[in-house]
Every structure is written in structure tokens, then in C-alpha cells.
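Heads up, the thing below is written out as C-alpha cells.
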Amino acid sequence: MSARNDIPPSTLGVELAEEGVYVEYTDGRRAFYNGVPEKVAGTLRCRPGKDVHVLVTDPTESEGVLVYVNDLKTHDDILESSGVGRVLLDPGEEEELFPGVTVRADGYATEVAADPDEARGRVFVFEEDELGERSFELFAADDG
């Protein structure tokens, strides 16, 4: 297996709809994150072993950046051609994805904390695997 690297994200098209969130990759493909995101104040702890994707929109909510956290399945070339970023974290390591948005590896779980005011947009986290998916929108802890 080839090594995986951190990859910076590109700006992607975003559409927030009643049924979920659409993301248009730079290669023209679209992804759909199903369902109304559950609101979470403060830090979200994702379940261990899940694929975690973090989307931060711009203030207009029509564009954003998408980063996969600790994704080892997707080849670098695919991420680079789609505009999706990736960050790889060792257990206990924390990184600021964007101003106001940090991710931390806690064992096999991922924790995401956000201050949407500092991020200057909305912050969504998508947690998924072959059995299902969940979506969340993060708010500052004092907005609860």
C-alpha cells in the first residue's frame, strides 16, 4: 500500500437543502450527505472507526472546504483531483483545520471542536461507514 499524505483542500460548491448537504467536487462529481444535521454545542466526539469528514462553509453557504480526517482508503490522486483535503493525526495529536475548527485523535475516535463565528461559516461533521451515516452541525459551546 502506498503512503498517504496530508492534502490541502480546495474550495468546493455547497448546497444546503432540506434533505441534506450537497458538495460539488472540483472534478464535477457531487456527493450527498443525507439528513438534517444534529446540532451539537462545543466538541463532538465521533465514534471510533468511523470515516469523519469536516465541511466548513463560507459566509454565503454556497462554497466551502471539505477535509477527511485520518482517511487511509482514498488515494492522494483522487483527493487532489476532487478538491477534498485530508489530515492524518496520530493518537493524542490535535490540529487546527481552519481558524476556529480543530480536530483531535483520541485513540481511534476523532473529536471535532468549532467556533463558527471564528470560522466565519457553518461547520458540519459527517460520520459514516458501510452501516450508515450521521451528520452534525457544530456551534460554539456558549451558543448551546
Side-chain angles (χ1 to χ4, degrees), residues 3-27 29-76 78-144:
R4 301 290 187 250
N5 301 295
D6 283 0
I7 297 179
S10 298
T11 301
L12 306 175
V14 174
E15 179 185 346
L16 305 179
E18 280 187 32
E19 66 273 14
V21 178
Y22 293 89
V23 176
E24 184 171 343
Y25 300 134
T26 56
D27 62 11
R29 292 180 302 124
R30 286 180 63 156
F32 176 63
Y33 294 99
N34 188 37
V36 175
E38 178 183 330
K39 295 181 184 314
V40 174
T43 300
L44 170 68
R45 181 179 171 85
C46 297
R47 292 181 283 188
K50 302 292 184 177
D51 295 333
V52 176
H53 305 167
V54 179
L55 171 69
V56 180
T57 71
D58 70 350
T60 69
E61 301 174 2
S62 63
E63 294 182 329
V65 288
L66 179 64
V67 174
Y68 291 178
V69 180
N70 281 353
D71 170 86
L72 298 175
K73 298 182 241 176
T74 311
H75 288 274
D76 290 5
I78 293 171
L79 292 173
E80 289 167 354
S81 69
S82 68
V84 175
R86 174 175 51 216
V87 63
L88 299 172
L89 302 171
D90 290 325
E93 189 176 8
E94 179 175 297
E95 185 165 323
E96 185 175 56
L97 289 183
F98 319 100
V101 181
T102 58
V103 294
R104 181 176 177 274
D106 184 20
Y108 292 105
T110 299
E111 294 181 346
V112 184
D115 179 346
D117 290 335
E118 186 179 344
R120 299 183 52 218
R122 294 173 73 177
V123 180
F124 298 95
V125 178
F126 307 106
E127 175 193 274
E128 59 189 29
D129 64 12
E130 61 280 350
L131 300 176
E133 60 186 56
R134 299 189 315 161
S135 60
F136 306 91
E137 182 174 2
L138 300 184
F139 293 89
D142 58 352
D143 288 349

Starting at [atom1] of [X], measure out to [atom2] of [Y] and round the result to the nearest 0.5 Å.
X     : Y      : atom1 : atom2 : result
Glu38 : Leu44  : CD    : CG    : 8.0 Å
Leu16 : Tyr22  : CG    : OH    : 11.5 Å
Asn34 : Phe126 : CG    : CZ    : 10.5 Å
Leu66 : Tyr33  : CG    : OH    : 4.5 Å
Cys46 : Phe136 : SG    : CZ    : 6.5 Å

Measure from the side-chain N and O atoms of [X] to the backbone N and O of [Y], and report whether any donor-acceptor pair falls under 3.5 Å.
X      : Y      : answer
Asp71  : Thr74  : yes
Arg86  : Asn5   : yes
Glu95  : Leu89  : no
Glu137 : Val123 : no
Asp76  : Leu79  : no
Asp115 : Ala140 : no
Thr26  : Ser82  : yes

Would you find more than 12 non-hydrogen atoms of other residues, nucleotides or ligands less than 6.0 Å from Phe32 atom CZ? yes

Greater than 12 external heavy atoms within 6.0 Å of Arg45's CZ: yes

Note, [X] side chain near [Y] side chain (heavy atom, < 4.5 Å):
X      : Y      : answer
Val103 : Val54  : yes
Val52  : Val125 : yes
Asp51  : Asn70  : no
Arg120 : Asp58  : no
Phe139 : Val40  : no
Val14  : Leu55  : yes
Pro9   : Val67  : yes
Leu138 : Val112 : yes

Smallest separation among heavy atoms of [X] and [Y], with atom names:
X      : Y      : result
Thr102 : Glu96  : CG2-CA, 3.9 Å
Glu93  : Leu88  : OE1-O, 4.2 Å
Ala113 : Thr43  : CB-OG1, 3.5 Å
Asp90  : Ala105 : O-CB, 3.4 Å
Gly35  : Ser135 : O-OG, 3.8 Å

Glu24: which residues meet the side-chain contact (heavy atoms from CB on, under 4.5 Å) condition with it, sequence neighbours left out? Arg30

For Glu61, the salt bridge (Lys or Arg N to Asp or Glu O under 4.0 Å) test, sequence neighbours excluded, returns Arg122

Single hit among His53, Lys50, Arg134 for side chain to side chain donor-acceptor pair (under 3.5 Å) with Glu127: Arg134

